[in-house]
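To start, the structure under review is shown below, and the notes come after it.
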Amino acid sequence: MGKIMQKNQIFSSISSKSPNIPSQFDILVIGSGAAGLYAALRLPTHLQVGLITKDTVKAGSSNWAQGGIAAAIDPSDTPSLHFEDTINAGAGLCEPEAVQFLVEKGSEAIASLVELGVAFDRHGEKLTMTLEAAHSRPRVLHSADTTGRAIVDTLAQQVLERKNIQVISQAFALSLWLNESTGNCQGISLLYQEQIIWIRSSAVILATGGGGQIFSQTTNPTVSTGDGIALAWRAGALMRDLEFFQFHPTALTVPGAPRFLISEAVRGEGAHLVDSQGQRFAFNYHPQGELAPRDVVSRAIFTHLQKTKPDPYCVYLDLQPIEAEKIRYRFPNIIKVCQQWGIDVFTQPIPVSPAAHYWMGGIVTDLDSSTSIDGLYAIGETASTGVHGANRLASNSLLECIVFAVQLSQLAVKPQVNVDDTRYQSLPVRKEQKDWSHEIEKIKLIRQNLPQLMWHSAGICRSQAILEEAIAQLNIWRSQLADLDVIQCLLKTTPNQTVQLSSNQAQQQLKLAAETLNLTDVGYLILKSAAWRTESRGGHYRSDYPQTSNEWQFHTLIQGDCWRKSPNITK
Ligand code: FAD
Ligand code: SIN
């Protein structure tokens with residue numbers, strides 16, 4: 001930890017006219033969640049790796065993961081049972097080959113994490129596993145209720161010890177740099193130390209996580225603004241299934257509190273979901289009750305709330321069925337956070353309601369984590385590997401981060417020859433001195449209103465008229481943004497110059513503008529995809545088309561402004 005601080009401080013405090021990072025790396029990894037950190041560790045050590053991250057190293061969903069990581073390693077379990085559960089949860093849209101790959105590599109991934117030093121909970125020598133919704137076996141390994149922190153701490157420490165990896169934090173990837181004649185990805189543009197610079201690399205790996213911040217109700221951290229999806233889409237990469245967003249049933253619902261996740265593992269260990277009258281209602285909606293697939297439980301809560309209209313507008317998780325000792329051992333962080341908001345989980349039910357949690361859609365990748373653009377790779381939540389289909393099985397995401405990041409260890413990349421660190425000095429510097437303050441007020445307004453619009457139009461329940469209204473509003477915002485000088489400054493920078501900003505304030509303004517641009521692009525992609533798919537399936541529920549339709553047994557493919565169906569997926 002001390003080491004991380006030291007390195008971050010060096011990179012974030014030095015401010016010079018020439019950036020203190022090389023102008024080229026062999027490989028750039030964008031994002032320092034489980035996917036980015038693990039990929040950086042697995043890349044061949046003779047390659048110089050730049051690990052770019054827009055906040056501190058540990059900011060991201062991975063660090064917040066609670067329930068754990070799924071893998072069929074118990075003697076009573078098999079990869080084929082894990083395969084079946086994943087396919088069933090995915091509601092007909094999983095890619096069987098990708099799922100097979102994921103479940104078969106599960107035990108190897110866990111062994112590697114254990115070897116690196118991740119301290120999963122054990123009973124004696126044996127790793128302990130819990131049950132989560134839609135799993136037919138207890139197969140979720142955990143480290144109390146802060147599994148993500150245990151993984152990220154271990155991986156970050158290893159990364160910082162690696163000589164071939166340079167961590168560059170508080171550095172915001174703005175766009176992908178494509179070769180004009182080949183179309184290959186050959187680097188990125190980066191907002192760093194009050195400058196916009198272009199960094200060259202033989203390969204770029206996007207590991208930028210999800211986009212929960214597009215919704216006003218989300219369990220995701222502030223860095224989850226869908227940047228990787230927006231960058232890849234604008235560069236022309238093939239995208240898939242962007243309408244499929246997972247809404248977690250149980251986020252803390254207390255006025256003034258963030259939507260802190262109350263892990264599904266709490267229900268896995270036996271907690272009941274009750275309404276304001278103390279009635280257990282989940283079995284009215286599905287035979288598996290509280291442990292039905294996540295989309296089903298979220299919709300059950302949504303429908304039950306609409307029917308009963310309680311005040312406050314929430315349901316409750318009652319932990320009384322779990323032994324107090326077990327609660328203390330398994331959920332120390334949940335106890336602590338609830339206590340901070342005045343809830344004693346031993347005697348009071350926890351007020352909860354659904355919130356946007358995980359984006360199943362993303363940048364299309366194959367088993368090697370390659371995208372449709374040569375030189376561009378994607379891993380973790382930003383990728384669409386095909387393993388989650390229309391609805392992710394709980395705790396499969398951390399596993400996916402690790403299993404698909406390993407694939408990059410085979411990346412055949414030629415080290416950059418003729419390393420030329422005088423490149424920055426040889427480029428003309430464009431000084432950007434404009435005052436963007438009044439434009440920033442407009443951007444802040446859009447940034448504030450967009451997540452509300454998305455929650456009401458593309459949240460748990462969607463319909464054509466509301467989606468179309470939202471698309472019209474979003475298009476107004478997108479064209480207002482396009483007219484702003486600060487956005488033009490972002491879009492018009494070219495690799496043959498460096499842009500020097502006037503102050504740290506200008507850098508913060510540009511970052512807000514870039515994130516808002518990304519959010520409006522991903523909002524547009526979600527809305528258009530949700531309006532396009534006229535059926536209900538997994539995380540995508542349409543009140544005007546409430547049934548799953550065989551005619552939609554396809555992925556949604558998007559490239560530029562073209563939406564089309566994939567070839568039929570065999571069930
Ligand atoms: P992240 O961990 O989100 O990392 C993304 C990184 O990209 C961050 O470092 C971010 O700063 C950086 N970044 C983003 N944009 C830019 C940019 N423009 N420039 C530079 N850097 C950028 N899954 C499970 O399997 N099990 C669980 O128990 C579980 N619990 C969860 C609990 C919570 C509260 C949440 C929110 C999610 C949970 N999930 C869980 C889902 C899982 O945590 C995520 O899907 C997974 O961690 C994503 O990892 P990632 O590496 O792809 O992205
Ligand atoms: C949880 O702990 O409920 C989250 C697990 C997940 O998102 O996979």
Side-chain angles (χ1 to χ4, degrees), residues 66-68 70 85 88-89 121 128-140 142 144-145 147 217 219 246-254 257 259-355 357 391 393-395 460:
Q66 295 186 4
D85 293 344
N88 288 341
D121 291 339
T128 48
M129 272 157 271
T130 195
L131 190 65
E132 283 187 359
H135 285 274
S136 59
R137 294 283 186 287
R139 66 166 71 93
V140 179
H142 45 81
D145 55 353
T147 311
Q217 309 299 315
T219 62
Q246 182 169 75
F247 299 93
H248 197 291
T250 58
L252 182 66
T253 307
V254 173
R259 304 305 310 277
F260 172 74
L261 183 79
I262 309 295
S263 175
E264 196 155 273
V266 172
R267 277 171 285 138
E269 296 290 359
H272 292 171
L273 207 46
V274 297
D275 62 15
S276 55
Q277 304 302 308
Q279 297 300 317
R280 211 174 157 190
F281 61 90
F283 284 96
N284 301 346
Y285 296 86
H286 194 279
Q288 283 173 282
E290 284 96 353
L291 292 178
R294 225 169 243 188
D295 59 314
V296 174
V297 181
S298 283
R299 261 193 318 280
I301 297 174
F302 179 85
T303 311
H304 202 71
L305 286 172
Q306 281 205 324
K307 263 194 219 158
T308 54
K309 298 200 169 24
D311 184 16
Y313 202 70
C314 62
V315 295
Y316 298 86
L317 259 180
D318 181 3
L319 274 59
Q320 304 276 351
I322 315 174
E323 276 172 36
E325 203 37 53
K326 189 160 210 179
I327 299 175
R328 262 184 226 108
Y329 167 67
R330 285 286 284 112
F331 306 116
N333 198 42
I334 291 176
I335 297 172
K336 192 174 90 187
V337 174
C338 285
Q339 228 160 29
Q340 284 163 2
W341 293 98
I343 302 153
D344 173 8
V345 304
F346 296 98
T347 57
Q348 292 168 280
I350 308 172
V352 291
S353 61
H357 182 63
N391 182 42
L393 185 67
S395 290
I460 294 171

Worksheet item: Does Glu290 use its side chain to pair, donor to acceptor, with the backbone of Arg267 at less than 3.5 Å?
Response: no
Worksheet item: Parallel under 30°, tilted from 30 to 60°, perpendicular over 60°: which one fits the rings of Phe281 and His304?
Response: parallel
Fill in: Side chain to side chain, Thr253 and Arg259, heavy atoms closer than 4.5 Å
yes
Discussion item. Looking only at side-chain N and O atoms, does Tyr316 offer a donor or acceptor that is under 3.5 Å from a partner on His272?
Written reply: no
Worksheet item: So, are Asp318 and Arg280 salt-bridged, with charged N and O less than 4.0 Å apart?
Response: no
Worksheet entry | Residue pair Gln339 / Asp344, side-chain donor-acceptor N/O under 3.5 Å | no
Worksheet item: Between Glu132 and Glu264, is there a donor-acceptor pair closer than 3.5 Å when you use the side chain of the first and the backbone of the second?
Response: no
Discussion item. When you compare the side chain of Phe260 with that of Ile334, does any pair of heavy atoms fall below 4.5 Å?
Written reply: yes
Worksheet item: Using a distance-only test with no angle check, is there a side-chain donor-acceptor pair under 3.5 angstrom linking Asn333 and Asp145?
Response: no
Discussion item. I'd like to check Ile460 versus Arg299 (side-chain heavy atoms, cut-off strictly below 4.5 Å). Are they in contact?
Written reply: yes
Item to complete: Could you give me the CA-CA distance, side-chain angles and deciding distance for Asp121 and His142, then say whether side chain to side chain donor-acceptor pair (under 3.5 Å) is met?
Response: CA-CA 6 Å; Asp121 291 339; His142 45 81; 2.8 Å; yes
Item to complete: Return yes if some donor-acceptor pair links the side-chain N/O of Ser395 with the main-chain N/O of Gly68 below 3.5 Å, else return no.
Response: yes
Worksheet item: So which heavy atom on Pro351 is nearest to which on Cys314, and how close?
Response: CB-SG, 3.7 Å
Worksheet item: Side chains of Glu269 and Thr130: do they bring a donor and an acceptor to under 3.5 Å?
Response: yes
